[in-house]
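So the structure is just underneath, and the comments pick up after that.
Below, chain A is the first sequence line, B the second, and so on; all start at residue 1.
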Amino acid sequence: MDPVSLVISEGAEYFSEVFNLGVEEAFRLIQPPPREEYGDLSFPLLRFLRRSPANQQAVVEAFRGRIWEKGIKFIDIEVTGGFLNIRFEETALAKYVFGLMINGWKPEPIRSREPRIVVVEHTSANPVHPLHMGHARNTSLGDTLARLLAARGHRVNRRFYVDDVGRQAAVAALGFRLLSSRPKEVAARVGRKPDHVVGWVYAVTHTALDAVILKSKLGEAGDDERTMLVRELDKLLSTLARLKEGWPSDLYEAIVSGVGSLTDPEAEVSSIMKRYEEGLEPERSLVREVAGTALDGFRETLSRMGVDFDAWDWESDLVWSGLVAKVIEEARRSPYHIIYKGTSALDIPRIVEELVKPNPEYRAAFKLPRGFEVPPLVLVRSDGTTLYTTRDIAYSIYKFRETGADRVVNVIGADQRLPQLQIRLALLGLGYTREALNMIHYDYEIVRLPGRAMSGRRGEYVTLDEVLDEARQRARVEVEKRNPGADPGWIEETAEKIAVGAVRFAMVQTSASKPIVFNVDKVLDLKENTAPYLQYTHARAHSILEKLGGIDYHNIDYTSASHPDRRRLLITSLRYPYTAAKAADDMAPEDLATYLLRLADMFNSWYQKDSVVRDPSPGARNFKAMLVRLVRDVLASGLRLLGVEPLKRM
RNA sequence: GGGCCCGUAGCUCAGCCAGGAUAGAGCGCCGGCCUCCUAAGCCGGUGGUCGGGGGUUCAAAUCCCCCCGGGCCCGCCA
């Protein structure tokens with residue numbers, strides 16, 4: 001372990017013992033001071049020492065002793081302004097670290113002392129339309145979280161929940177039934193990406209369905225209601241007109257007229273849903289194929305994004321295997337089971353009153369809104385089919401059981417906060433206490449189009465595919481400009497890596513709680529965007545080392561470290577293992593992103609005024625080269641955690 | 001009607017959860033830097049009633065209360 005990480009780890013342990021707080025909390029409290037002259041690391045002593053001011057010096061001495069024991073003696077510890085400040089003597093620090101590097105050490109996140117099994121469920125888009133920019137945020141966040149946690153030493157299991165049982169899949173299936181040809185055949189005939197084809201069929205079917213239902217309402221509406229309905233209908237018709245454009249008109253007509261000729265369209269959809277849940281043919285094969293076709297498209301896009309899953313969990317399997325029925329059965333026997341509006345439900349309000357409120361630990365864990373009032377959670381529809389929330393209860397249990405997970409992280413939009421909370425409360429009520437307490441809803445705000453949200457059922461979205469393509473095109477122009485005559489294959493590959501990096505970074509760099517209004521130019525302006533900047537900085541560092549050829553390890557002038565810019569770069573680089581570890585603990589990828597940008601700024605600034613290759617002194621040159629290598633290795637490691645490919649040339 | 005999230009420089013955001021050390025970046029705008037390690041870069045300048053008002057504290061962008069603005073959620077949809 002490098003000395004900085006070692007001091008931080010020791011410090012966390014020591015402070016946690018002395019001040020009687022959790023190791024993780026102490027770990028988090030060790031921070032870089034706001035101003036450089038205070039030191040390299042700081043700990044807010046005053047806050048704790050106020051209880052016993054007498055032993056301040058004793059604390060410092062004891063801590064110093066502990067660090068010395070570990071062989072780190074090039075360190076200065078003092079207390080100023082209530083903070084314990086730590087400063088490293090840079091010459092010895094550099095010698096120690098470069099020694100590690102020469103022996104093959106590379107900067108990596110500090111590994112957790114308590115490795116856990118963690119499930120990260122993310123993306124889980126309905127298999128009825130392509131992945132759009134809203135999903136891009138989910139995917140980028142989820143995959144980055146998974147990478148971060150894995151690098152921290154946890155055993156991570158990535159899962160995609162295939163939502164094929166609900167109404168949406170049934171609507172898409174109805175569309176294909178009206179086309180009376182198989183989804184894969186339609187996709188092949190149209191010659192577009194399979195998920196885009198499914199998305200179009202779904203949008204046309206859904207919109208046509210809504211139009212038909214609206215028309216029938218129009219007949220029995222009063223005058224006031226009528227004008228509103230007419231306006232609504234106009235909107236649907238113009239949506240249909242938009243959807244018609246650019247697609248084979250016979251397919252369009254087949255769906256629209258097909259929907260129009262249904263005597264009871266609502267019943268048609270319900271019947272597909274019901275028969276699918278029961279596993280009856282031909283619905284069973286049809287819905288599976290519709291979803292499977294969309295999934296083929298997902299996999300293509302996800303693989304471009306560098307995203308992989310350990311498992312694809314089909315919602316229908318949970319139903320067909322009897323797992324959902326078992327949960328419903330357990331619910332029926334539970335003391336919290338009630339009949340609500342004539343059907344089976346869980347009495348969530350009573351679970352809150354009787355289980356959560358009296359228990360401080362639960363109260364903290366569930367963070368109930370103040371005026372929390374939700375109706376009971378209905379488990380089954382009157383027609384016997386299940387509801388999404390019910391199936392998700394079963395799935396939540398399944399995720400823990402299947403993997404032996406200590407913790408399950410669900411990356412799901414903030415709009416689903418309430419249902420997610422309901423599911424956790426239901427689990428608690430059913431006696432799945434451990435699961436309820438260790439299921440985390442990692443919520444993020446949605447990505448909106450200017451003025452409105454993206455809508456799958458109206459086919460109103462910007463797909464991830466088109467954004468990636470557009471980004472690649474823009475990147476290609478830049479790469480060609482800078483590398484005239486380069487191998488076209490290499491150019492294409494590089495442009496793709498820049499495109500993916502730009503998109504992923506853009507989705508992850510602002511904290512998840514902020515809504516993003518999607519702006520193509522914002523994400524794709526490679527100058528303004530910061531992932532290409534980081535890739536560029538990495539390439540720059542790499543090319544210096546290449547130009548240099550090799551480093552003579554026996555001739556390094558360590559006194560070079562005292563130069564302020566180099567010292568700052570050394571210290572900042574060595575904060576990486578800690579920063580990445582903290583980002584993993586806090587599940588805050590944006591912190592890592594910010595750190596990498598700062599480091600790159602520092603490096604580029606130094607680069608401009610302090611040449612490596614042309615330094616006449618071999619000792620200084622070798623020192624700088626090692627420093628460049630350290631920075632490059634940090635950037636490479638950090639970028640990989642964010643799913644951004646570090647480039648050697650661009 | 002109730003609840004949750006967001007409001008910091010012209011724009012995009014960090015800092016808030018765990019109150020303290022002179023509020024930070026990027027973009028934009030203005031002015032400079034490529035016979036020299038990749039100018040997707042660097043240097044300098046410009047720019048802030050931290051949405052508003054109270055309160056707690058030795059200390060508030062940060063904690064509490066009220067208000068304003070924007071988004072989301074309160075289904076036998078997902």
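Of the N and O atoms on the side chains of A/Arg381 and A/Thr385, at least one donor lies less than 3.5 Å from an acceptor on the other residue. Between the side chains of A/Gln509 and A/Thr530, at least one donor N or O lies within less than 3.5 Å of an accepting N or O. In this model, no donor atom of one side chain and acceptor atom of the other lie less than 3.5 Å apart for A/Tyr576 and A/Asp633. When only modelled atom types and interatomic distance are considered, A/His135 and A/Thr123 share no side-chain donor-acceptor pair under 3.5 Å.
Nearer the 5' end of RNA chain B, as judged by each residue's closest nucleotide, is the contact made by A/Pro515, out of A/Pro515 and A/Leu387. Each of A/Asp591 and A/Val378 was assigned the nucleotide of RNA chain B with the nearest heavy atom; the assignment lying further toward the 5' end belongs to A/Asp591.
Rounded to whole Å, the P atom of B/U12 lies 14 Å from the corresponding atom of B/G51. Rounded to a whole angstrom, the distance from the C1' atom of B/G15 to that of B/G7 is 15 Å. Rounded to whole Å, the separation between the P atoms of B/A60 and B/C17 comes to 14 Å. Comparing the same atom, P, in B/C11 and in B/G54 gives a spacing of 25 Å after rounding to whole Å. Rounded to the nearest Å, the gap between the P atom of B/C63 and that of B/C4 is 15 Å. B/U56 and B/C73 are spaced 32 Å apart, taking the C1' atom of each and rounding to whole Å. B/G20 and B/U62 have their C1' atoms separated by 11 Å, given to the nearest Å. With both ends at atom C1', the span from B/C66 to B/G48 equals 25 Å, rounded to whole Å.
Distance from the side chain of A/Ser543 is smallest for B/C37 among the nucleotides B/C37, B/U8, B/A18. Considering only the side chain of A/Pro33, B/A21 comes nearest among B/A21, B/C13, B/C73. For A/Gln168, the side-chain atoms get nearest to B/A78 when compared with the rest of B/A18, B/C76, B/A78. Closest to the A/Lys547 side chain, of the nucleotides B/A78, B/C37, B/C72, is B/C37. Taking only side-chain atoms of A/Lys514, from C-beta outward, the nucleotide of B/G7, B/C76, B/G41 with the closest atom is B/G7. Out of B/C4, B/A39, B/C42, the shortest distance to the side chain of A/Ser605 is found at B/C42. The side chain of A/Asn604 approaches B/G41 more closely than any other nucleotide in the set B/A14, B/G41, B/A78. For A/Ile446, taking side-chain heavy atoms from C-beta onward, the closest of the listed nucleotides B/C37, B/C13, B/C72 is B/C72. In the set B/A21, B/C77, B/G41, B/G41 carries the atom at the smallest distance from any side-chain atom of A/Gln608.
Contact annotation for A/Lys341: base contact, defined as any heavy-atom pair under 4.0 Å involving a base atom. Among the protein residues, A/Arg457 comes within range of no part of the nucleic acid, since none of its heavy atoms lies under 4.0 Å from any strand. Heavy atoms of A/Asp610 sit under 4.0 angstrom from at least one base atom. Contact annotation for A/Val165: no contact, since no heavy-atom pair falls under 4.0 Å across all strands. Counting any heavy atom pair closer than 4.0 Å across all strands shown, A/Leu548 reaches no nucleic acid atom. Within 4.0 Å (heavy atoms only), A/Ser611 reaches at least one base atom of the nucleic acid. Contact annotation for A/Thr389: no contact, since no heavy-atom pair falls under 4.0 Å across all strands. Among the protein residues, A/Asp392 comes within range of no part of the nucleic acid, since none of its heavy atoms lies under 4.0 Å from any strand. Within the nucleic acid shown, A/Val612 comes within 4.0 Å of at least one base atom, counting heavy atoms only. When heavy atoms are screened at a 4.0 angstrom cut-off, A/Lys367 is found touching no nucleic acid atom at all. Among the heavy atoms of the strands, none lies under 4.0 Å from A/Asp615. Among the atoms of the strands shown, base atoms are found under 4.0 Å from some heavy atom of A/Ser382.
When the options A/Thr572, A/Thr537, A/Asp565, A/Leu627 are evaluated for a side-chain contact (heavy atoms from CB on, under 4.5 Å) with A/Phe603, the one that passes is A/Thr537. Of the candidates A/Glu315, A/Lys399, A/His122, A/Tyr161 forms a side-chain contact (heavy atoms from CB on, under 4.5 Å) with just one, namely A/Glu315.
One interatomic measurement links the two molecules: CG of A/Leu627 to P of B/C37, which rounds to 19 Å at whole-angstrom precision. Atom CG in A/Leu29 sits roughly 11 Å away from atom P in B/G20 (whole-Å rounding). Residue A/Leu84 contributes atom CG, which lies 16 Å from atom C1' of B/G20 at whole-angstrom precision. Across the protein-nucleic acid pair, A/Tyr595 atom OH and B/G24 atom P stand 21 Å apart, rounded to whole Å. Whole-Å rounding puts the A/Asp163 CG to B/C77 P distance at 14 Å. If you take CE of A/Met507 and P of B/C13, they are 11 Å apart, rounded to a whole angstrom.
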Point to revise | Pair A/Arg167-A/Glu266, salt bridge (charged side-chain N to carboxylate O under 4.0 Å, His left out): steps then yes or no | key: CA-CA 10 Å; A/Arg167 223 187 109 82; A/Glu266 200 59 59; 2.6 Å; yes
**Study point:** Verdict with reasoning, A/Asn604 to A/Tyr533, per side chain to side chain contact (heavy atoms under 4.5 Å, CB included)
**Key:** CA-CA 10 Å; A/Asn604 283 316; A/Tyr533 169 66; 3.0 Å; yes
Practice item. Might you work through the side chain to side chain contact (heavy atoms under 4.5 Å, CB included) test for A/Thr390 and A/Val380, ending with a clear yes or no? Key: CA-CA 8 Å; A/Thr390 313; A/Val380 286; 5.6 Å; no
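Both key distances under 3.5 Å define a Watson-Crick or G-U pair, and stretches of 3 or more such consecutive pairs in RNA chain B run B:1-7 with B:68-74, B:10-13 with B:24-27, B:28-33 with B:41-46, B:51-55 with B:63-67.
One finds no side-chain N or O of A/Thr510 lying less than 4.0 angstrom from the OP1 or OP2 phosphate oxygen of B/U12. A/Arg381 has a side-chain polar atom (N or O) that falls below the 4.0 Å cut-off from OP1 or OP2 of B/C77. For B/A39, the OP1/OP2 oxygens have a side-chain nitrogen or oxygen of A/Arg540 closer than 4.0 Å. Note on A/Tyr607: every side-chain N or O is 4.0 Å or more away from OP1 and OP2 of B/C34.
Base orientation of B/C6: anti (glycosidic angle beyond 90° from 0).
Not a single donor-acceptor pair under 3.5 Å links the side chain of A/Ser316 to the backbone N or O of A/Val165.
A cation-pi arrangement is found for A/Arg424 relative to A/Phe366, the charged atom lying closer than 6.0 Å to the ring centre and inside a 45° cone about the ring normal.
Taking the side-chain hydrogen bond (donor to acceptor under 3.5 Å, both in side chains) definition, one finds that A/Lys624 meets it with A/Asp610, A/Asp615, sequence neighbours left out.
Between A/Phe83 and B/A21, a base-stacking contact is recorded: ring centres under 5.5 Å apart, planes less than 30° from parallel.
In the interface, the side chain of A/Arg28 is paired with the base of B/A18 through a donor and an acceptor atom under 3.5 Å apart.
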